[in-house]
Every structure is written in C-alpha cells, then in structure tokens.
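Residue indices begin at 1 and follow the sequence shown.
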Amino acid sequence: MKITVALNTLIDRSIMNMKDGINQMVKESALELIKRAYEENKFVQITSGFRGMEEQAALYGQGRESFIYNEKEYGNPSKPIVTYVKPGQSKHNFGIAIDFVLVSDEGNRALWDVNDKWIRVAKLVKNWGLNGEAIGLHLKTILI
C-alpha cells in the first residue's frame with residue numbers, strides 16, 4: 001500500500017524551514033500554496049524562507065575561491081555556485097521570499113525536475129493573482 005505524505009507534515013516542515021523572521025503575509029501565502037497544491041496531489045515543501053546575513057554569505061561563498069563578509073571568509077570552491085546574490089541583496093534577508101520544492105508522494109525525496117507538476121504549481125501561484133514576487137518566487141523561467 002502506497003503511503004502519501006500528510007498535509008500537516010508538509011506544513012510543519014515548511015514552517016520550520018521558513019524560520020521566525022519570515023513576513024507573516026509571505027508565510028500565510030506559502031502555506032496556502034501548500035494546501036492548494038495538496039488538493040491536486042502535488043506535494044510542495046518550503047525549503048527556505050528567512051535567511052540571516054551570515055547564512056546568505058555562506059550560500060554566496062559556495063563555488064567561489066574567496067568571499068569575505070564581516071571580516072569572515074565564506075569562500076568554498078569545493079561546492080557549486082547556488083546564488084549570485086550577496087548578503088543584504090536577497091529578499092530572503094528581509095523575510096519576503098521563499099524557495100520550494102516538490103516532494104515525492106511519500107514526502108521523503110525532493111523532486112527537482114521542472115515537469116508538468118512544477119508548471120501546475122507555478123500556475124497556481126500565478127492564478128491567485130500573485131506574480132510570484134509577492135512571495136518571492138522566481139517563475140519567469142518556468143512560465144515561458
């Protein structure tokens with residue numbers, strides 16, 4: 001028998017990943033996205049919300065020989081570049097952005113392929129009247 005991830009599990013994980021600094025409107029919108037997608041058997045989990053400046057520095061430092069922020073070295077060339085946004089330039093630093101991923105039916109594996117399910121979730125956001133920017137989503141490349 002196939003076990004489907006519970007809605008509350010996705011919500012609980014997402015709230016934890018958004019962290020305390022997330023804007024309340026962004027948080028509510030993200031949770032609504034999770035619920036609406038779930039109604040269509042698309043399992044969305046928020047992977048990131050609020051990020052402190054040091055966390056952003058560590059992400060920006062990935063894939064770079066050197067990146068110094070507040071006199072601390074964050075460069076880490078052994079990992080791939082994951083962002084081009086420095087600390088203080090990311091909407092995450094102000095709690096007005098989220099990142100999300102679709103997860104497997106069991107909820108134990110991230111699904112990174114942009115496919116029909118991804119496109120449908122992106123359209124859910126757009127159909128709400130949100131352009132994605134309202135909750136920090138970058139949908140332009142998905143909705144071409």
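A heavy-atom distance below 4.5 Å is found between the side chains of R51 and L59. With contacts defined as side-chain heavy-atom distances shorter than 4.5 Å, the pair Q62/T83 does not qualify. With contacts defined as side-chain heavy-atom distances shorter than 4.5 Å, the pair L10/V103 qualifies. Counting heavy atoms from C-beta outward, F100 and V121 have side chains that approach closer than 4.5 Å. Between V101 and L111 there is no side-chain heavy-atom pair separated by less than 4.5 Å. The side-chain heavy atoms of Y69 and M53, taken from C-beta on, include a pair separated by under 4.5 Å. Looking at heavy atoms from C-beta onward, E32 lies out of side-chain contact with V125 at the 4.5 angstrom threshold.
N23 contributes no side-chain N or O that, together with a main-chain N or O of G95, makes up a donor-acceptor pair within less than 3.5 Å. The backbone N or O of N8 lies less than 3.5 Å from no partner atom in the side chain of R13, so there is not a single donor-acceptor pair. Q89 places a side-chain N or O within donor-acceptor distance of the main-chain N or O of K86, the cut-off being under 3.5 Å. At distances below 3.5 Å, at least one donor-acceptor pair connects side-chain atoms of N17 with backbone N or O atoms of I46. Of the possible donor and acceptor atoms, one in the side chain of N115 sits under 3.5 Å from a partner among the backbone N and O of K117.
Closest non-hydrogen pair, Y74 versus E54, comes out as OH-CG, 3.3 Å. Across Q56 and V85, no two heavy atoms sit closer than the pair NE2-O, 2.9 Å. Shortest non-hydrogen contact noted between Y38 and V5 is OH-O, 2.7 Å. Minimum heavy-atom separation, T4 to F43: CG2-CZ, 3.4 Å. Heavy-atom minimum distance, E65 versus P77: OE2-CB, 3.6 Å. Between S14 and I34, the shortest heavy-atom contact is OG-CD1, 3.3 Å.
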For a side chain to side chain contact (heavy atoms under 4.5 Å, CB included) check, start with the C-alpha distance between K79 and N76, then their side-chain angles and the critical distance, and finish with the verdict. CA-CA 6 Å; K79 293 187 174 184; N76 185 349; 3.6 Å; yes

Criterion side chain to side chain contact (heavy atoms under 4.5 Å, CB included) on H92 and K19, from CA distance to verdict: CA-CA 11 Å; H92 288 277; K19 300 182 183 170; over 6 Å; no

Please report the C-alpha distance between I98 and I22 in whole Å, then the side-chain angles of each, then the deciding distance to 0.1 Å, and finally whether the side chain to side chain contact (heavy atoms under 4.5 Å, CB included) criterion is met. CA-CA 9 Å; I98 61 165; I22 195 76; 4.2 Å; yes

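By the 6.0 Å and 45° rule, R64 stacks over the aromatic ring of Y60.
Within 6.0 Å of the CG atom in N108, the count of heavy atoms belonging to other residues, nucleotides or ligands exceeds 12.
With hydrophobic clusters built from ILVMFWY side chains whose heavy atoms lie under 4.5 angstrom apart, W112 shares a cluster with L102. Cluster membership for F94 and F50, using ILVMFWY side-chain heavy atoms within less than 4.5 angstrom, is not shared.
Contact check on D20 versus K27 returns no salt bridge, with no Lys/Arg side-chain nitrogen under 4.0 Å from an Asp/Glu carboxylate oxygen. Remark: K35 does not engage E39 in a salt bridge, criterion side-chain N to carboxylate O under 4.0 Å.
A donor-acceptor pair shorter than 3.5 Å can be found between the side chains of S66 and E73.
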